[in-house]
2 protein chains.
Amino acid sequence: MSVQTASPRQCHSTPHVNCADCRLASICLPISLQIDDIEKLDDIVQRGRPVQRGDRIYHAGENFHAVFALRSGAVKTVCVTHDGQEQITGFYLPGEIFGMDGLASNNHTNSAIVLETSAICEIPFARLEELSSQVPSLQRRFFQLMSKEIAQEQQLITLLSKNSADERIASLLLSISTRNHNRGLSAREFHLTMSRSDIGNYLGLTIETVSRVLSRLHKQGVIALDKKHVIINDLDALKSVASIPTDAVK
Amino acid sequence: MSVQTASPRQCHSTPHVNCADCRLASICLPISLQIDDIEKLDDIVQRGRPVQRGDRIYHAGENFHAVFALRSGAVKTVCVTHDGQEQITGFYLPGEIFGMDGLASNNHTNSAIVLETSAICEIPFARLEELSSQVPSLQRRFFQLMSKEIAQEQQLITLLSKNSADERIASLLLSISTRNHNRGLSAREFHLTMSRSDIGNYLGLTIETVSRVLSRLHKQGVIALDKKHVIINDLDALKSVASIPTDAVK
DNA sequence: CGGCGCCTTGACTTGCATCAAAAGTAGTGG
DNA sequence: CCACTACTTTTGATGCAAGTCAAGGCGCCG
């Protein structure tokens, strides 16, 4: 089970870094908090051991007691239908929060599965809730996070409902690119941590279609593709495949 | 513009009913609040004039300042893509809360459009937020509402990603039926307030497909259908079309 | 009555799924 | 280091569910 991936430990994945010093603070939960409020938040955040590919952070059906912030690595959330099929509902990158499903019913509706060696902060919800009452900007921030989650899912709904296979895949690549960029990484070049099968599941496509579309984009020179390593050669062309105006900031 | 539908004014749409007396209290925002907390909530709720089919409660891009509870009638929320297409992201029935998009960015990402003569409660968010800090059970309730919204959207994502036209439409009928039932109305017989085109838009199908599937269900005797009036003749058969186990509660 | 939306139905087309097989990649153990 | 197994990805051939195009019906309103 100890699948050590090539992903090296990075400075921000060391357990002792606190929220104030974390280089992801500008995009994570602490946004817009005062320094002493960050310290209060810091007190309730639990930083765990690195987790490995395939590990589950929580299971669907499990009691909900915490939300999670991803420090490094990547995570997917999946929910299971009546007939046992899995649907991936989101991919999470460093600085992003997951696990807010399950708040409604006190039980997680999704499972969270680790895609590559990751470092994760656990934030016990009871204490977060309590602190939110005392720190209005934290309460607001948390409302915003949930609202952002809703907005993103609506984007996905639109993608699934209205867009072709090409558009869906181009959109996903652009989304990852943008999120990488916001974390201060390259928008042009990145590693697809998820398998073709994960991508297909997420976008409502078969793995064959995913493979074909990626090959075509490669042949057309829009992207360069080596296994899971992606380079966006022509950003405007990719946006045009995604039917996104080239001037859209997104 | 004044499209007066056949829908009669009902007792719970009269503006003077307060939260404590509203017959939707058991499924609306006040759930699990103490009686004096309901009164505090009641103080900030604004009950407006009835609105008509086609009216917009808020526009995409508009400043976010309130969430809304539907007292009677029906509402759809839509968001607009880059290329000007509309995507319906939800249908709302009495007792349900909408307008929580826009919390993230302080601007609504959706528009809310009235489907039939409706009565709506407006809840200014600033005051709700403030009250939430003082009343932990309200804060919790509001977190839950947003989380429920997330869970429902994930259901829709799964539906769009994995299910056939028949399954999508049967699922929608069952969802409306269940929600009616929870409001104390008939689960067997109801009025489809939305047009075929709305249904198609919501479910990622063309209006022709919607029409064909409904006709087929009618011919098979699973439902009776007269214009917008629906009677579910064989609930188990409908669940089976939706690929939902017949013993599933929801 | 005639015009305008909304809905239904039929004939045809197509994008993606399905089926099938081969090629590439990784992990394991001799 | 290579052979072996298992898994993932690619590529090709074929089929079908749902989209598109087109025509006609029904109800509503001026």
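A, B, ... follow the sequence lines: proteins, then strands. Residue 1 opens every chain.
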- When every nucleotide of nucleotides 3-18 of chain C is labelled 5' to 3' by its protein contacts under 4.0 Å (heavy atoms), B for base, S for sugar-phosphate only, - for none, what sequence of letters results? ----SBBBB----SSB
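- Using modelled atom types and a 3.5 Å distance limit, the side chains of B:Gln87 and A:Gln154 yield no donor-acceptor pair.
- The salt bridge (Lys or Arg N to Asp or Glu O under 4.0 Å) pairs that include a residue from residues 75-101 of chain B are B:Lys76-B:Asp198, B:Glu96-B:Arg179, where partners are two or more places apart or lie in different chains.
- Under the 30°/60° scheme for interplanar angles, the aromatic rings of A:Phe91 and A:Tyr202 are found to be tilted.
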Under 3.5 Å, which donor-acceptor pairs do the side chains of residues 186-193 of chain B form with other protein atoms, sequence neighbours left out?
unit_1   : atom_1 : unit_2   : atom_2 : d
B:Ser186 : OG     : B:Arg188 : N      : 3.0
B:Ser186 : OG     : B:Glu189 : N      : 3.0
B:Arg188 : NE     : B:Ile232 : O      : 3.2
B:Glu189 : OE2    : B:His229 : NE2    : 2.9

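- B:Ser72 and B:Ser118 are not linked by any side-chain donor-acceptor pair at a separation below 3.5 angstrom, with hydrogens and angles left out of the test.
- Taking 4.0 Å as the cutoff to heavy atoms of chain B, we find the contact window on DNA chain D bounded by D:dA18 to D:dC21.
- Aromatic ring centres of B:Tyr58 and B:Phe68 lie closer together than 6.0 Å.
- In this structure, a donor-acceptor pair under 3.5 Å is absent between the side chains of A:Ser211 and A:Arg196.
- The end-to-end axis angle of the helix from C:dC1-D:dG30 to C:dG30-D:dC1, rounded to 10 degrees and based on five pairs per end, is 40°.
- Remark: A:Thr158 engages no residue in a side-chain hydrogen bond (donor to acceptor under 3.5 Å, both in side chains) (not counting sequence neighbours).
- In this model, a donor atom of one side chain and an acceptor atom of the other lie less than 3.5 Å apart for A:Thr206 and A:Thr209.
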- Item | Criterion side-chain contact (heavy atoms from CB on, under 4.5 Å) on A:Leu174 and A:Lys239, from CA distance to verdict | CA-CA 8 Å; A:Leu174 289 169; A:Lys239 283 185 181 173; 3.8 Å; yes
